[in-house]
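What follows is one structure encoded as structure tokens, with my remarks underneath.
In this chain, residues are counted from 1 in sequence order. Just so it is clear, the values below take in all heavy atoms, side chains as well, and ignore hydrogens, waters and symmetry mates.
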Amino acid sequence: MNRCETLICARWVATVEPDNIVIDDGAVAIDSGRIVAVDTRTKLLERFEPDRLVSRDAHLLIPGLINAHTHAAMTLLRGAAEDLPLQQWLEDGVWPIEAEHVGPEMVRDGTRLAMLESIKGGVTCFNDMYFFPDVAAEVASAARMRVSLGLPIIEFPTAWAATADEYLAKAQDTRDALRANPLITTQFAPHSPYTVTPDTLTRVRTIADQLDAMVHIHLQETQGEVDQGLSTNGKRPTEHLHDLGLLNRNFLAAHMVAATSEDLQLFSDHFCNVVHCPSSNLKLASGMAPIAEMLDKGINVAIGTDGAASNNSLDMIAETRLAGLVAKGREADARVLPSATLLKMATINGAQALGIAEQTGSLETGKWADIAVVNLGAAHCQPVYDPIAAFFYAANRSDVTDVWVAGKALLDQGEPTTLDAERIQARTEEWHDRIRG
């Protein structure tokens with residue numbers, strides 16, 4: 001009999017890949033942070049003698065959820081600018097607060113709050129786009145959470161950098177400093193085509209191509225952004241970025257709400273990735289992205305919450321549910337985005353969008369043991385005919401009981417193990433008083 005560090009048994013195990021298999025009375029064996037076997041409970045108990053045996057008999061075990069677009073530290077701005085369209089929300093609400101308060105201290109405390117909320121909702125990896133990514137890396141590493149860090153690039157000065165040259169230099173230095181950390185990957189993150197010049201975008205493309213690095217950008221979030229692009233250079237933003245050479249399999253666009261079939265064909269032809277953020281798009285009245293058409297064209301679509309300042313939640317279960325409901329309503333077709341597709345969008349599609357699908361996003365031998373366990377035994381989930389449908393359409397994030405990242409338990413029967421919840425709450429209250437004042 002073989003030894004393993006942990007054997008997790010559950011009523012259902014959803015592998016996502018290969019083939020969306022759901023194993024009844026399944027189990028996952030973990031050793032050295034990685035998955036070493038996935039099978040039925042009976043077979044793995046015959047093969048392995050675990051140091052720790054975890055049994056969750058009314059639960060669904062899935063790959064950890066991947067929040068493919070967020071601004072973690074903006075949890076401290078949750079509710080600070082309400083009921084405004086995007087540009088007014090940015091210019092009159094968010095940017096003035098950031099100009100006064102953004103710094104290492106805010107990013108440290110806001111990112112901790114975001115991770116606490118995310119872990120308790122079954123998230124094992126988040127794709128962050130914010131200032132002071134080195135600080136976010138520090139706190140994520142301490143909490144043992146997986147993170148993909150956007151290295152911010154914008155033309156106007158902030159507390160992080162003053163010029164495009166400084167943003168680019170800091171981005172490369174930060175990337176180099178974090179390369180050895182197995183829990184952290186990085187992306188170049190120009191904010192948007194309307195806040196970054198063609199010259200800077202071209203430099204980003206050149207550097208990213210040389211390093212085989214991802215590029216993460218807000219794109220066509222509103223029709224107003226498209227109209228501005230047409231007025232400025234006679235091109236839709238997607239066409240503009242295509243002409244600058246940015247579209248490829250390492251390109252990740254957040255939103256793509258105001259997308260035409262021509263825009264999506266460019267994305268399909270160049271194997272680009274999209275992150276769908278339905279709550280933020282609806283709350284800011286930006287619109288509803290044509291997700292069904294994206295999927296029909298073979299575009300990889302992941303799910304993101306956006307920041308808590310515009311959502312106002314980092315709840316990936318609710319976000320993915322909404323993605324399914326909005327798509328069904330938009331297309332007037334109940335067959336659009338079935339539950340199995342939603343699970344892929346919230347897991348392996350996110351991993352693919354972040355360039356880490358070989359390491360996480362599904363329950364396959366050799367991948368990191370990034371796992372979430374959800375209790376489907378509560379009254380509001382019963383009876384369970386299809387555990388994946390029950391997860392998205394009946395369960396909620398309070399049903400998440402356990403989370404592992406690289407085999408390390410970050411949530412154990414509802415209790416966080418690497419974050420001090422009371423201290424985080426106290427610091428959050430201090431920031432509330434400071435920002436309100």
For Leu419 against Ala143, the heavy-atom pair lying closest together: CD2-CB, 3.8 Å
Heavy-atom closest contact (Met145 atom, Val123 atom, distance): CE-O, 3.4 Å
Hey, is [X] close enough to [Y] for a salt bridge, meaning N to O under 4.0 Å?
X	Y	answer
Glu293	Arg330	no
Asp412	Arg52	yes
Arg112	Asp420	no

Residues which pass side chain to side chain donor-acceptor pair (under 3.5 Å) with Asn2, listed by chain and number, not counting sequence neighbours: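 Counting only residues at least two positions away or on another chain, Asn2 forms no side chain to side chain donor-acceptor pair (under 3.5 Å).
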With Lys328 via side chain to side chain donor-acceptor pair (under 3.5 Å) - residues at least two apart: none
Asn349 side-chain N/O to Val301 backbone N/O, donor-acceptor pair under 3.5 Å: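 Yes, Asn349 side chain to Val301 backbone: donor-acceptor pair under 3.5 Å.
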Donor-acceptor contact present, side-chain Arg427 to main-chain Gly110, <3.5 Å: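 Not confirmed, Arg427 side chain does not pair with Gly110 backbone.
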Tell me, please, which residues at least two apart from [X] pass ring pair (Phe, Tyr, Trp, His ring centres under 6.0 Å).
X	value
His71	His69, His218
His270	His242
Phe132	Trp160

Any pair counted as ring-ring contact (aromatic ring centres under 6.0 Å, His included), so long as it reaches residues 378-400, sequence neighbours left out: none
Point-to-point distance, once rounded to the nearest 0.5 Å, from CZ of Arg41 to CD1 of Ile23: 12.0 Å
Gap separating the CG atom of Asn127 from the CG atom of Leu354, nearest 0.5 angstrom: 4.5 Å
Verify whether one side chain among [X] and [Y] offers a donor that lies under 3.5 Å from an acceptor in the other.
X	Y	answer
Asn311	Thr305	no
Glu319	Asn67	no
Asn181	Ser141	yes

Test applied, salt bridge (charged side-chain N to carboxylate O under 4.0 Å, His left out); reference residue, Arg11; option that passes from Asp25, Asp57, Asp24: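 That would be Asp24.
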